[in-house]
Amino acid sequence: MEVLINGAFIGALYGLYGLGLALTLGLMRQINLAHGDFIVFSAYLTLQGSLLLGVHPLMVLPVVAVVMFVVGFVLQRLVIERTLGRGEMPPILVTFGLSIILQNVMLELFSADTRNLNPGPLGAASIEIAGLSLGVLPLLTLAVSFAIFWATSAVFGSTKFGRAIRATSDSDQTAQLMGINTSRIFAVAMGLTLAISAIAAGFYGMRGNFDPSTGPERMLFAFEAVILGGVGSIWGTLAGGILLGLSQAAGSLINPSYGPLVGHLVFLVVLLALPGGLMSLRRRQ
Amino acid sequence: MRLPSINRSFIVLAVIVLFLILVPILGSRSTVNLVAEMAAVLAIALMWNLLAGFGGMVFMGFQVFVGIGGYAVFMAANGFQVLPFPFILLSAALCALTALAIMPILSRLQGAQFAIASWVISEVVRLTVFQTSVLGGGGGISLTAMRSVPRELRMYGTYGSAALVLIVALVVCVFLMRSRVGLALRAIRDNATAAEAMGIDLRRTQRLVMMIAAAVAGAGGGAYYMLALQIGPGTAFSMNWMAITLFVVILGGIGTLEGPIVGVVVYFLLRETLSDLGSVYFILLGLMAILVTLLFPKGAWGGLRQLIGQDLLPIRRNPSESKG
Amino acid sequence: MISINDLHAGYGALSVLFGVSLHVAEGQTLALIGSNGAGKTTTFSVLTGFVKPRSGNVTLNGSVISGLAPTDIVSMGLAMVPEGRRLFPSLTVEENLMIGAHCDRKGPWDLKRVYSVFPALEPLRKRPSSSLSGGQQQLVAIGRALMSNPNVLLCDELSLGLSPAAVDIVYSAIARLRAEGMTLIIVEQDISRALASSDTFACMRHGGIPLSGPSAGADRAQISSAYFGMD
C-alpha cells in the first residue's frame with residue numbers, strides 16, 4: 001500500500017515533467033528531446049545553489065525556476081525557433097544534439113557521481129492521516145503539483161495569454177492574423193516548460209538520485225505521462241503521470257528493478273489500445 | 001559525359017567493393033579492424049537514413065536492432081560453439097521479425113510520437129535483457145565461440161561479415177530507392193495523404209522498409225559485436241548508437257545515399273583524433289550536429305555534390321531513361 | 001486609405017504578381033475578382049504580411065505596411081476574414097471574438113457592438129465555435145476581425161461552402177458594414193454578388209489587373225473577356 005501511495009506521489013512529479021512537454025507538443029507539434037537533461041540540470045543548479053548559500057533546496061528552487069525560464073526563452077529564440085516550419089526532423093535532430101551536449105557539460109561540471117538533494121528534517125517528517133502514516137515531503141510534493149496544474153489550467157482557461165496559447169496551438173498562422181506574436185508565445189511557453197520542470201526536478205531530487213546520464217529517462221517518463229493522459233489535456237497529463245507512477249510502483253513490487261520496465265509496457269499497451277489516452281475514455285462516456 | 005544513372009551507380013558500387021577487397025590485402029591488422037568497424041557503423045547509418053531520411057520515420061530507438069543483432073550472434077554461436085559469422089543471417093531474420101512485431105504500435109504514430117515510442121520500445125528490450133540471466137543480465141556475455149577460432153580467420157571472417165553487410169546495405173539502398181517502393185516511400189514522406197489517395201499502401205510500404213532496415217541494421221550489429229567480442233545491455237542498447245548514427249547521417253547529408261558514406265569517414269577521422277578529449281569530444285559532436293542541421297541541412301555531401309555536379313549513387317532516374 | 005503600388009511578388013523561383021496597383025478610398029469597397037491562380041490570394045498574403053514583396057509597396061493611411069510582420073500589420077489597422085473562416089476550434093465563440101482584440105487597438109468595436117450588429121451570435125457566445133453552422137461561423141469570423149478595430153477589412157471568399165441562405169445573411173452583414181463607412185476589399189467567386197456588394201472592382205489575371213472600374217454599370221462582357229483572357 002505504502003509503495004503504491006509513493007508511486008502516486010512520484011507520478012504527480014512525472015505529471016509535472018509532462019505538463020511542460022505537453023505545452024510545447026501542443027503548441028509547436030514538436031518535442032524537446034533534451035527536456036530530461038534540462039530537468040537534471042535544474043536539479044544540479046538547485047544542489048549547487050543550496051550548497052553555496054547553505055540553505056534548504058526548497059529556498060533555492062524559485063530562483064532556479066526563474067533561471068530556467070530565461071534559459072528556455074533564450075533557447076527557443078536562438079535555436080529551436082530556427083527549426084520550426086522545416087518538417088518534423090530538424091527539431092528532433094537539434095534537440096537530440098542539445099541532449100548530448102547537456103549530458104556531457106554536466107559530466108564535466110559535476111562528475112558522474114550520483115547526487116541527491118538533502119531534504120533535511122522534512123525528509124523524515126510524517127503525519128498520521130486515517131491510520132496511515134504519510135510523509136510530509138510526499139504530501140507537499142502532491143500539493144505543489146496540484147497547485148501548479150490548477151494554476152496552469154486557470155491561466156489557460158481564462159486569461160488573455162491562455163487564450164492566445166490555445167489559439168496558437170489551433171493554428172499559428174491564423175493566430176498571427178489576429179495580431180498574436182506567435183514566436184513570443186512559443187518562447188514564453190518554452191520558458192514555462194523548463195520552469196515547471198525545474199520545480200519538479202527539485203522535488204524529485206529530494207526523493208531520488210540523479211546523475212548526468214539520467215536525463216533521457218526523465219524525458220521518456222514525461223512523454224509517457226503526456227501520451228497516457230491524452231495530448232492536449234492538462235489534467236489528463238497529471239492523470240497520465242499518476243498512472244505511470246502507479247505502474248512503476250506495481251512493477252517494483254514484483255521485483256524492485258522491474259519498475260521502469262512495467263511503466264514502459266503499460267505505456268505501450270495504452271498506446272496500442274487507447275491511442276487517445278485516458279482522457280479519450282472520459283470523452284467517450 | 002553523363003552516364004545513364006544506373007550505370008553510374010554500378011561503377012561507384014564496384015569501386016567501393018574493390019576498396020573493401022583491397023583493404024585486407026594491403027592494410028595492416030589495425031586498419032582491417034578499423035574498416036570493419038566503419039563498415040558496420042555505415043551499414044547501420046544507411047539503414048537509419050533509409051527510414052528517416054527517405055521514409056520520414058524518425059526511429060529514435062534504432063539501437064534496438066543493433067543490440068538484438070549482436071545478441072543473436074553471441075547466443076547462437078556460443079550455444080553451438082561454432083563459427084559465429086553465418087549467424088548474422090539469424091540477426092537479420094530476428095530483427096525483421098522484431099520490426100514486424102512493433103509496427104502495429106508505431107504505424108499510426110508520426111513525428112515526435114513515433115520517435116519517442118520507438119525509443120521506449122528499445123528501452124523495454126534493454127531492460128528485459130538486463131533482467132534475463134540467460135542473456136548474461138546486466139553484465140553481458142563474451143563471444144566464447146570465438147576463443148577456439150584462429151586469429152587470422154577471426155579477423156578476416158569478422159571483416160568479411162562486416163564488409164558483406166555494408167555491400168548488401170548499399171545495394172539495398174540503391175535498388176530499393178530506384179524501385180516503386182522507393183518512389184512510394186518518398187511520396188509518403190512528402191505528403192502521406194496525397195500518397196494514399198494515389199493508391200499507395202502506406203502501412204505495407206512502411207512495414208516493408210522497416211523490416212529491411214531492421215534486418216540489415218541487425219546484421220550490422222552482429223558484425224560489430226563480433227569485432228568487440230563482448231556485449232552488454234548497457235552498451236548494445238545504448239543511446240550512443242543513436243548519437244553516432246545521427247552524427248554520421250546528419251553530417252554527411254540526410255536523405256542522400258552518398259551522405260552517410262561521407263559522414264562515416266568524417267566521424268571516424270574525428271573519433272581517431274579527438275576522442276581523447278572525453279566529454280568535450282561529445283560536446284563538439286553535439287554542437288556540430290546542431291550547426292549542420294541549422295545552417296547546412298544538406299550536410300557535407302550537399303557541398304561536395306555541388307563540386308562534382310552529379311550524384312554518385314543516383315536514386316532518381318534521369319528523365320531520358322524514365323519509363324514512368 | 002489603402003494603396004497597392006506596382007507590386008511584384010512570388011514564392012521562391014515562382015513569380016506570381018507582376019506590377020499590381022490598386023487604390024481603395026476611405027469608406028469604399030473594392031471587389032477583387034479573377035479565376036484561380038490569377039494572384040488574388042498572393043495579393044492578400046502580401047497585404048497581411050505573410051509574403052514579402054519583391055518590389056513595390058502597400059501603404060495604409062500613408063505609411064508603408066508591406067514587409068512588416070503579420071502581427072504589426074494587424075496593429076496598424078488591417079484585419080482579414082480568412083478563406084474557410086479559420087475559427088479556433090478550442091475556443092468558444094466569445095473567446096474567438098476576444099482573440100480578435102488581442103493587439104488592443106482602440107476604436108468603436110467591442111463585444112457589445114459586435115453582438116448588437118450580429119444579434120444571432122449573442123445566445124451562442126459560450127458555445128464551442130466548432131459547433132456552429134457555416135453561416136454562423138462566418139459571422140464570428142467577421143466579428144473577430146472587427147474586434148481589432150481595423151481601418152481596412154479584407155474578406156476572402158465569404159460565400160465559400162455556405163448555403164445560399166447563409167450567403168445572404170453574410171452579405172447583408174457586409175452591406176451593414178459598408179453603410180457604417182468601413183473600408184473593405186472582398187474576394188468573391190460569384191461575380192454578380194461581388195459587383196452588387198462593392199463600389200469598385202478590379203479583375204485579376206496572370207498576376208496583373210487587365211480591367212478595373214466602378215462596379216455600378218460594369219460591362220459584364222468586358223469582365224468576362226478580362227477574366228478568361230479572351231481579348
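- Summarising the local packing, CZ of A:F73 is surrounded by more than 12 heavy atoms from other residues, nucleotides or ligands at distances under 6.0 Å.
- Neither the backbone nor the side chain of A:P91 comes within less than 4.5 Å of any heavy atom of chain B.
- With a 4.5 Å cut-off on non-hydrogen atoms, A:V226 does not touch chain B at all.
- Heavy-atom distances place no part of B:L285 under 4.5 Å from chain A, backbone and side chain included.
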Yes or no on side chain to side chain contact (heavy atoms under 4.5 Å, CB included) for A:F156 and A:L23, after CA distance, side-chain angles and deciding distance?
-> CA-CA 10 Å; A:F156 264 53; A:L23 201 61; 2.9 Å; yes
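- Shortest non-hydrogen contact noted between B:M211 and B:A99 is CA-CB, 3.9 Å.
- In terms of the side-chain contact (heavy atoms from CB on, under 4.5 Å) criterion, residue partners of A:V70 (sequence neighbours excluded) are, by chain and number, A:V74.
- For the pair B:M60/B:M242, a side-chain contact is recorded, criterion being any heavy-atom separation below 4.5 Å from C-beta on.
- With chain A as the partner, the residue from B:I290, B:V292, B:L291 showing the most heavy-atom pairs under 4.5 Å is B:I290.
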Considering only heavy-atom distances, could you tabulate the donor-acceptor pairs under 3.5 Å between chain B and chain A?
| unit_1 | atom_1 | unit_2 | atom_2 | d |
| --- | --- | --- | --- | --- |
| B:R108 | NH2 | A:L271 | O | 3.4 |
| B:R108 | NH2 | A:L272 | O | 2.3 |
| B:Q131 | OE1 | A:S257 | OG | 3.3 |
| B:Q131 | NE2 | A:S257 | O | 3.4 |
| B:Q131 | NE2 | A:S257 | OG | 3.1 |
| B:S279 | OG | A:E108 | OE2 | 2.5 |
| B:T293 | O | A:R86 | NH2 | 2.7 |

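- Closest non-hydrogen pair, B:C173 versus B:L50, comes out as SG-CD1, 4.4 Å.
- Atoms CZ and CG, on A:F110 and A:L107 in that order, are 11.0 Å from each other to the nearest 0.5 Å.
- Only the side chain of A:I92 has a heavy atom closer than 4.5 Å to any heavy atom of chain B.
- Around atom CD of B:Q306, no more than 12 heavy atoms belonging to other residues, nucleotides or ligands sit under 6.0 Å away.
- For B:I105, the parts sitting under 4.5 Å from any heavy atom of chain A are the backbone and the side chain alike.
- Looking at A:L271, the atoms closer than 4.5 Å to chain B (heavy atoms on both sides) sit in the backbone and in the side chain alike.
- For the set B:A117, B:A243, B:A289, the count of heavy-atom pairs under 4.5 angstrom toward chain A peaks at B:A243.
- Neither the backbone nor the side chain of B:M288 has a heavy atom closer than 4.5 Å to any heavy atom of chain A.
- With a 4.5 angstrom heavy-atom cutoff, A:L102 does not touch chain B via any of its atoms.
- Looking at B:V58, only its side chain comes within 4.5 Å of chain A, counting heavy atoms on both sides.
- Note that CD1 of B:I141 and CD1 of B:I231 are 6.5 Å apart. Values are rounded to the nearest 0.5 Å.
- Only the side chain of B:L109 comes within contact range of chain A, judged by heavy atoms closer than 4.5 Å.
- Of the listed residues A:V79, A:I100, A:V94, the one with more heavy-atom pairs under 4.5 angstrom with chain B than any other is A:V94.
- A:I101 touches chain B through backbone and side chain together, each having a heavy atom under 4.5 Å away.
- Counting heavy atoms from C-beta outward, B:L106 and B:F59 have side chains that approach closer than 4.5 Å.
- The aromatic rings of A:F223 and A:F267 lie perpendicular to each other, with more than 60° between the two planes, well past the 30° mark.
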Passes side chain to side chain contact (heavy atoms under 4.5 Å, CB included), A:F186 versus A:L84? Steps please.
-> CA-CA 11 Å; A:F186 287 162; A:L84 296 180; 3.7 Å; yes
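- For a residue to count as touching a neighbouring chain, one of its non-hydrogen atoms must lie under 4.5 Å from one of that chain's; by this rule B:L246 touches chain A with the side chain only.
- Among the candidates A:I227, A:L25, A:L33, A:L93, the residue making the largest number of heavy-atom pairs closer than 4.5 Å to chain B is A:L93.
- Using a 4.5 Å cut-off between heavy atoms, B:A115 touches chain A through its side chain atoms alone.
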